[in-house]
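Reviewing the structure listed below.
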Amino acid sequence: MLILGIETSCDETSAALVADGKTVLSSTVAAQLDLLRKYGGVVPEIAARRHTELIGYVIKEALDSAVKTLEDVEAVAVTARQGLIGCLLVGVAAAKSISYARHVPLVGVHHIEGHIFANILSHPEIPLPHVCLTVSGGHTMLLYVREGCRYQLLGTTLDDAAGEAFDKIAKFLGLDFPGGPVIDRLAKQGDREAYHFPRPMIKSRAPDFSFSGLKTSVINAFKERVARGEALPLADIAASFQEAVVEVLVAKTMRAAEAKGVNAVSVTGGVSANSRLREAFREAALRQGVDVYFPNLSLCTDNAAMIAAAGYARMMLGEVSDLRLNVVPTAPLEV
Ligand code: KG4
Ligand code: ZN
């Protein structure tokens, strides 16, 4: 079955064609980097307007590069839950139009479930049950994946998402957008033990996260050095900050895996592209005798291929939407 996936929940306009929920025939992602740089972050109304300008071209590009036409599309999957409301509406309106005009089923997908399926697309062999850490600009979530499309929420962030902390620290340090990849690169030249920043909630038994205090502590350390007229070792700050985030993410996820008695961990979402996070997870997983999985780099950040894959899985469970499908900015992931 050929599924057209559409993703517009934040600042990437994306369309993809995926066959049978597992073979990616094309994946087109138009990022709004110029707008991010101009406004210092995502401005929801401006992002939504950009989606309306791009969505038609992006869908056409996805079809063309897979050498397919709309006549070949057998279902449309679209992100309908969790995201910026105006942005979600653009994708859902496009998906409904195609579903109505082509008489093909429509499936509304939860964005986080899309991220989970980005890893399943990359590694169909991930065993069930497993523990999944979804870590991105908007979310930091620990889930117990019982079986396909059945989840138990274990923990989430109490304030900033991990990717948001990367982006805010990068912005504060005057680095480019998005901050995660820039800090990842810069940290490679720095000393990760130069500063010992707090590891929030690392010892707490609760599987939740908090990154706002860490962010403040990095900003204060930076300001203190400026006040003392000292040189600013940006690479050391980046490496030390990144290490604090990585240690917390790894420790809490591995503890959750142990508590749940699973021997597989899936890490997904934009921050799962982080090179130090991958390295630290691999080391911890080896020590604990657990297998750890990451999505292919092209599937870590927001993309429509993961939405098509999740939509296919929902369709296989008989769950389809209809033209009454609405968008929900904040929605729990169905358990
Ligand atoms: O999954 P995503 O595209 O969007 C959301 O669903 O939020 O994730 C974007 C986030 C941004 O915060 C970005 O800075 C972060 O992922 N990110 C990274 C890296 N690549 C992207 N964070 C750390 N290291 C990276 N290499
Ligand atoms: Zn995302």
Side-chain angles (χ1 to χ4, degrees), residues 5-14 16 27 29-33 36-37 40-42 44 47 78-84 87-88 91 109-119 122 132-141 143 156-157 160-173 175-188 190 192 211 214-215 238-239 241-250 266-281 294-307 309-310 329-331 333:
I6 297 178
E7 154 66 38
T8 60
S9 67
C10 190
D11 60 330
E12 269 100 5
T13 318
S14 179
S27 174
V29 182
Q32 305 184 357
L33 287 179
L36 282 178
R37 290 195 180 108
V42 181
V78 61
T79 309
R81 291 186 292 288
Q82 199 99 328
L84 302 168
C87 296
L88 290 167
V109 172
H110 194 295
H111 183 77
I112 298 293
E113 185 161 50
H115 278 301
I116 294 167
F117 273 84
N119 217 353
S122 306
C132 177
L133 172 72
T134 301
V135 67
S136 70
H139 327 274
T140 302
M141 218 178 243
L143 295 156
T156 187
T157 180
D160 290 351
E164 188 181 356
F166 270 96
D167 295 338
K168 286 180 175 169
I169 290 298
K171 187 174 177 184
F172 177 78
L173 297 177
L175 305 172
D176 200 7
F177 286 95
V182 182
I183 289 187
D184 191 351
R185 279 195 300 277
L186 186 63
K188 291 196 171 103
R192 55 181 184 247
F211 294 105
L214 166 62
K215 190 185 64 194
F241 157 72
Q242 177 176 272
E243 195 62 15
V245 176
V246 164
E247 248 184 57
V248 173
L249 293 176
V250 172
S266 158
V267 188
T268 187
V271 182
S272 71
N274 186 271
S275 57
R276 176 65 192 138
L277 184 73
R278 288 181 174 222
E279 182 182 54
F281 256 117
F294 303 95
N296 299 337
L297 283 177
S298 62
L299 294 174
C300 287
T301 45
D302 290 350
N303 66 86
M306 66 187 197
I307 301 303
T330 308
L333 184 57

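Sequence positions, counted from 1, serve as the residue numbers for this chain. Read the numbers this way: they start at 1 and go in the same order the structure lists the ligands and their atoms.
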The protein heavy atom nearest to atom 2 (P) of ligand 1 is Asp302 OD1, 3.3 Å

Among all protein heavy atoms in this structure, tell me which lies nearest to atom 12 (O) of ligand 1, with the distance rounded to 0.1 Å.
Asp167 OD2, 2.7 Å

Is the backbone N or O of Ala47 less than 3.5 Å from a side-chain atom of Gln32, with the two atoms forming a donor-acceptor pair by type?
yes

Could you tell me if the side chain of Asp176 sits less than 4.5 Å from the side chain of Arg37, heavy atoms only?
yes

So is His115 in contact with ligand 1, going by heavy-atom distances below 4.0 Å?
yes

Judged by atom type as modelled, is there a donor-acceptor pair below 3.5 Å linking the side chain of Ser136 to the main-chain atoms of Gly269?
no

Just wondering, do Leu333 and Ile116 contact through their side chains at under 4.5 Å, heavy atoms?
yes

Among the N/O/S atoms of His115, which is closest to the Zn ion (ligand 2)? Give the atom name.
NE2

Ignoring hydrogens, just give me the one of Cys10, Gly137, Gly270, Gly163 whose non-hydrogen atom is nearest atom 20 (N) of ligand 1.
Gly270

For ligand 1, is there an N or O atom under 3.5 Å from any N or O atom of Phe166?
no

Identity and distance of the protein heavy atom lying nearest atom 26 (N) of ligand 1
Asp184 OD2, 2.9 Å

Side-chain donor or acceptor of Arg278 paired with backbone N/O of Ser272 under 3.5 Å
yes

Give a yes/no answer: is there an N/O/S atom of Cys10 under 2.8 Å from the Zn ion (ligand 2)?
no

State whether a side-chain donor-acceptor pair under 3.5 Å links Ser266 with Asn119.
yes

Do His115 and His110 touch side chain to side chain, with heavy atoms closer than 4.5 Å?
no

Is His139 close enough that one of its N/O/S atoms sits under 2.8 Å from the Zn ion (ligand 2)?
no

Taking atom 22 (N) of ligand 1 as the reference point, the nearest protein heavy atom with its distance:
Gly180 CA, 3.2 Å

Are the side chains of Val182 and Leu173 in touch, meaning some heavy atoms are under 4.5 Å apart?
no

Out of Gly114, Ser14, Ala118, Ser136, the nearest non-hydrogen contact to atom 5 (C) of ligand 1 is supplied by Ser136

For Ile307, the option from Ile6, Asp302, Val109 that meets side-chain contact (heavy atoms from CB on, under 4.5 Å)
Val109

Nearest to the Zn ion (ligand 2) - the N/O/S atom of Asp302, by atom name:
OD1

Between ligand 1 and Gly269, is the shortest N or O to N or O distance under 3.5 Å?
no

Below 3.5 Å, N or O to N or O, backbone or side chain included: is there any such pair between Gly138 and ligand 1?
yes

Hey, does Arg185 sit under 4.0 Å from ligand 1 if you only count heavy atoms?
no

Taking side chain as C-beta onward, heavy atoms only, is Lys188 less than 4.5 Å from Arg276?
no

Closest to the Zn ion (ligand 2), which N/O/S atom of His111 is it?
NE2

Any side-chain heavy atom of Thr140 sitting closer than 4.5 Å to one from Leu249?
yes

Check each of Val29, Val246, Ile112, Asn274 against atom 24 (N) of ligand 1 and report the one with the nearest heavy atom.
Asn274

